[in-house]
J.: 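Can you read through this structure? Questions will come right after.
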Amino acid sequence: MKGFDSVIIVDWSAANDTGPTPRKDAIWLGAVLGGAEIAPEYLRNRDIAMDRVTALIRSERALGRRVMVGFDFPFGYPAGFAAALVGEPAPLKLWDWLAEALTDTPRGNTRFDLAGQINARLPGIGPFWFNGTARDVPHLPRKGNDRTAEHGLPERRRAEEQAKGTFTCWQMGGAGAVGGQAMTGMAALSRLRRALPEVRVWPFEEAKGDVLLVEVWPSLIDAAVKAEGDPIRDRAQVRLLARALSRLDDETLAGMLDVDSPEEGWILGLGHEDTLAGVLRPAESAPLTPPPLSNDCFALPRGTDWVPVDAALAHLREHLAAVTGTEAVATADAAGRVLAEDAVARTANPPAANAAVDGYGFANGPELTGPVTLPLAQGRAAAGAPFGGTVPPGTALRILTGAILPDGVNTVVLEEDTTTDGTAIAFHGPLKPGANTRRAGEDVAEGQTILPAGRALTAADLALLSAAGVRQVPARRRLRVAVLSTGDEVTDGAPGPGRIADANRPMLAAVLARWGHDVVDLGIAPDDRAAIADRLDRGAAEADAILTSGGASAGDEDHVSALLTGTGSFALWRIALKPGRPLALGLWNGAPVFGLPGNPVAAFTCTLLFARPALSVLAGAGWTEPQGFEVPAAFTKDKKPGRREFLRARVRDGRAEVFRSEGSGRISGLSWAEGFVELPDGAATIAPGTPVRFIPFGSFGL
Ligand code: AMP
Ligand code: MG
């Protein structure tokens with residue numbers, strides 16, 4: 001059997017998408033894609049999860065990979081149930097029946113009613129039981145013991161007899177129950193099969209084909225999950241199960257897939273627990289996965305008091321690494337995306353030699369000097385309408401820009417340089433051989449590396465990729481960055497005495513979107529440790545990094561710093577920078593947190609200087625350096641030594657102007673400015689005409 005290149009594991013949930021975020025029982029997805037483990041993803045409801053799974057399967061297939069997708073709910077009911085409902089022991093027909101009968105939206109579903117309706121079709125009371133609603137659901141008993149045996153169906157599947165600790169699919173709710181998951185899950189997979197016809201379902205269909213759905217049960221690897229110590233168990237389960245299945249060699253996996261259970265289905269790996277545990281044990285030969293950021297990645301050397309800007313940047317550059325996985329993206333949709341691998345030209349550009357101008361094509365030769373007259377051959381060559389034949393020596397052919405050079409033509413004379421009577425042309429030779437033509441591959445050769453891994457694709461890059469026949473690229477998943485404002489005084493409503501409008505969140509969200517990241521809005525948290533911790537929990541679950549503003553110093557109300565202190569990863573960087581107070585850094589549940597100052601001018605400056613290159617590294621695009629240039633100053637300033645200064649500035653008439661006030665509360669100056677004037681760490685005396693370094697905001701990707 002050919003093995004699988006990618007394994008995706010989904011921890012399903014039948015819960016509704018209501019109530020606070022993050023919900024404990026939402027859906028987690030873990031995956032090893034083409035050998036690379038991705039960070040597990042938090043998917044808040046079934047619709048979002050199925051969209052994500054569908055997109056992942058599509059993009060893996062586009063990369064030519066075979067995919068196995070595991071879901072942690074039963075793929076079938078105990079023997080006899082399918083026949084009772086759809087007339088034959090055909091589990092996939094049952095899936096379609098459930099998809100028809102069940103209404104399922106993120107806000108709610110009809111699983112209890114459907115369970116009651118199915119019970120009503122069968123003799124006696126049951127088999128489904130447990131009513132999770134306050135109202136009575138017809139034919140659905142609240143207690144398992146209220147059922148009778150007349151329906152004649154077994155309580156468990158054969159697999160569940162063997163798997164100690166499984167719940168039966170008849171129990172529709174209650175702690176640990178799987179009835180709701182089975183029902184919503186089979187319905188969702190029925191829809192997935194319809195959307196992606198190449199999907200096969202194990203063990204009901206042959207494990208051939210390139211996408212295989214399998215039933216999994218993470219409890220099979222319980223010991224490894226416990227050892228992982230992840231506070232979010234579901235997250236560890238999907239990560240480790242994807243890892244384990246992706247590490248199985250083809251023969252072992254084929255053995256696990258060799259199961260005869262055409263009606264009830266089976267749990268992949270049941271009976272092979274030791275093998276799964278074995279591949280999860282750390283081994284020399286285990287495939288490399290990118291290590292998580294280490295807890296001390298922000299720790300500065302002992303005794304550091306003030307950090308110079310350059311040292312702060314060097315530290316970030318050295319201690320951060322890419323955290324995003326890979327997916328295939330159509331070139332047309334790839335603006336701003338980061339290439340995960342080098343892009344190689346599939347075709348040459350231009351693909352064939354062609355005319356660079358409108359004119360007449362002919363075979364050039366040394367005899368064609370002085371006044372030249374050539375009879376015209378019949379026909380013409382145009383872009384998209386090639387001339388099929390050969391142009392005889394000593395004749396010329398009408399040719400238009402972009403037309404492939406026909407056989408017998410190696411040179412084109414510009415229309416404006418000729419005269420013609422319709423049967424012949426005249427011009428003055430000599431012309432350089434190849435004049436006014438483009439050679440095949442003169443721009444890009446087939447097989448040439450045209451863009452390096454890590455490149456954030458520009459509009460021009462899309463043109464280049466398209467021209468080189470690259471219609472889709474392996475791209476890094478977008479980096480998800482959460483944004484949180486803090487402060488009792490900060491409001492989304494109208495500002496007034498004691499109430500400051502949240503200026504940072506809209507600013508940071510806009511900046512992040514501009515940089516191509518996905519923004520997760522964490523809102524505003526009051527100056528309350530538990531409230532901020534709650535938002536950080538959500539941020540770490542839903543995003544790869546978190547930007548907070550406010551509360552970052554070391555004072556009474558500086559709760560971001562206080563919370564990060566408790567993680568053991570906290571560092572408060574007192575950067576020798578103006579504007580900008582300390583930057584609070586740390587890891588919250590593994591997600592890097594950039595605790596920016598509350599002051600919008602300082603927050604903006606720190607974001608551009610520090611968060612931008614750091615996020616760029618996390619996104620897989622590598623370190624970025626803003627490009628500045630020297631211009632004469634249009635201002636006067638006596639700068640003291642000790643802190644590097646970034647003045648809000650713009651260039652007019654070739655000279656750098658600075659905003660009239662350096663006050664760090666002056667948000668209007670940010671809006672006025674088009675860049676920074678960067679003044680060095682040391683002292684500086686600046687008079688009109690003194691060269692200063694100007695860095696346009698565009699240089700920071702804005
Ligand atoms: P902090 O860093 O929390 O001490 O805040 C420093 C200053 O920035 C205070 O004047 C805050 O009111 C202000 N500030 C904090 N967060 C924001 C925000 N999101 N928008 C506007 N001003 C803010
Ligand atoms: Mg504050």
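Numbering of ligands and ligand atoms starts at 1, following listing order. All of these numbers come straight from a predicted model, not from anything done at the bench. For reference, positions follow the sequence shown, starting with 1.
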J.: May I ask you to list the atoms of ligand 1 that are less than 4.0 angstrom from any heavy atom of Val490?
T.: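 Matching atoms, with element in brackets: 16 (N), 17 (C), 19 (N).
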J.: Just say parallel, tilted or perpendicular for the rings of His315 and Trp573, cut-offs at 30° and 60°.
T.: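 Aromatic pair His315/Trp573 classed perpendicular.
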J.: Could you tell me which atoms of ligand 1, counted from 1 in the order shown, lie closer than 4.0 angstrom to a heavy atom of Ser485?
T.: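 Heavy-atom distances to Ser485 below 4.0 Å select 19 (N).
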J.: Are Phe610 and Phe594 close enough that their ring centres sit under 6.0 Å apart?
T.: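 No, the ring centres sit 6.0 Å or more apart.
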J.: Let me know which of Val53, Asp11, Ile9 forms a side-chain contact (heavy atoms from CB on, under 4.5 Å) with Phe71.
T.: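 Of the listed residues Val53, Asp11, Ile9, the side-chain contact (heavy atoms from CB on, under 4.5 Å) partner of Phe71 is Val53.
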J.: To check your reading of the model: name the closest protein heavy atom to atom 18 (C) of ligand 1, its residue, and the distance in Å.
T.: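 Looking only at protein heavy atoms, the one closest to atom 18 (C) of ligand 1 is Asn504 ND2, 3.3 Å.
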J.: Under 4.0 Å from a heavy atom of Pro600: give me the atoms of ligand 1 that qualify, with their elements.
T.: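 Counting atoms of ligand 1 from 1, those under 4.0 Å from Pro600 are 21 (C), 22 (N).
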J.: Give the atom numbers and elements of ligand 1 that come within less than 4.0 Å of a heavy atom of Glu489.
T.: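 Reading through ligand 1 atom by atom, the close ones are 11 (C), 12 (O).
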J.: Sequence neighbours excluded, which residues qualify as salt bridge (Lys or Arg N to Asp or Glu O under 4.0 Å) partners of Asp47?
T.: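 In terms of salt bridge (Lys or Arg N to Asp or Glu O under 4.0 Å), with neighbours along the sequence ignored, Asp47 is linked to no residue.
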J.: Starting from atom 21 (C) of ligand 1, what is the nearest protein heavy atom, named by residue and atom, and what distance separates them?
T.: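 Nearest protein contact, heavy atoms only, for atom 21 (C) of ligand 1 is Ala501 O, 3.5 Å.
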J.: Distance to 0.1 Å, residue and atom name: give those for the protein heavy atom nearest to atom 4 (O) of ligand 1.
T.: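 So the nearest neighbour among protein heavy atoms is Arg581 NH2, 3.4 Å.
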J.: Distance to 0.1 Å, residue and atom name: give those for the protein heavy atom nearest to atom 19 (N) of ligand 1.
T.: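 Here the nearest protein heavy atom works out to Asp502 OD1, 2.7 Å.
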J.: What residue and atom, counting heavy atoms only, is the protein's closest point to atom 20 (N) of ligand 1, and at what distance?
T.: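 Among all protein heavy atoms, the one nearest atom 20 (N) of ligand 1 is Ala503 N, 3.0 Å.
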J.: For atom 16 (N) of ligand 1, which candidate among Pro597, Pro506, Gly487, Gly598 provides the closest heavy atom?
T.: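 Of the listed residues, Gly598 has the closest heavy atom.
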J.: Give the atom numbers and elements of ligand 1 that come within less than 4.0 Å of a heavy atom of Asn599.
T.: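 Here the atoms of ligand 1 in question are 6 (C), 7 (C), 8 (O).
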J.: Quiz question for you: does at least one protein heavy atom lie closer than 4.0 Å to atom 10 (O) of ligand 1?
T.: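 No.
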J.: Using a distance-only test with no angle check, is there a side-chain donor-acceptor pair under 3.5 angstrom linking Ser485 and Asn504?
T.: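 No.
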J.: Counting only heavy atoms not in Arg666, do more than 12 sit closer than 6.0 Å to its CZ atom?
T.: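 Incorrect, the count does not exceed 12.
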J.: Quick check, are the ring centers of Phe604 and Phe697 under 6.0 angstrom apart?
T.: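 So the answer is yes for these two rings.
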J.: List the residues meeting ring pair (Phe, Tyr, Trp, His ring centres under 6.0 Å) with Trp306, not counting sequence neighbours, and say none if there are none.
T.: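 Listed in chain order: nothing, the list is empty.
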J.: Which of the numbered atoms in ligand 1 are under 4.0 angstrom from any heavy atom belonging to Ile500?
T.: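 Reading through ligand 1 atom by atom, the close ones are 21 (C), 22 (N).
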J.: When you measure from atom 3 (O) of ligand 1 to every protein heavy atom, which one gives the shortest distance, and what is it?
T.: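 Protein heavy atom at minimum distance: Gly551 N, 2.9 Å.
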J.: Taking side-chain contact (heavy atoms from CB on, under 4.5 Å) as the criterion, tell me which of Leu585, Leu547, Leu484, Ile546 meets it with Val593.
T.: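 Of the listed options, the one satisfying the test is Ile546.
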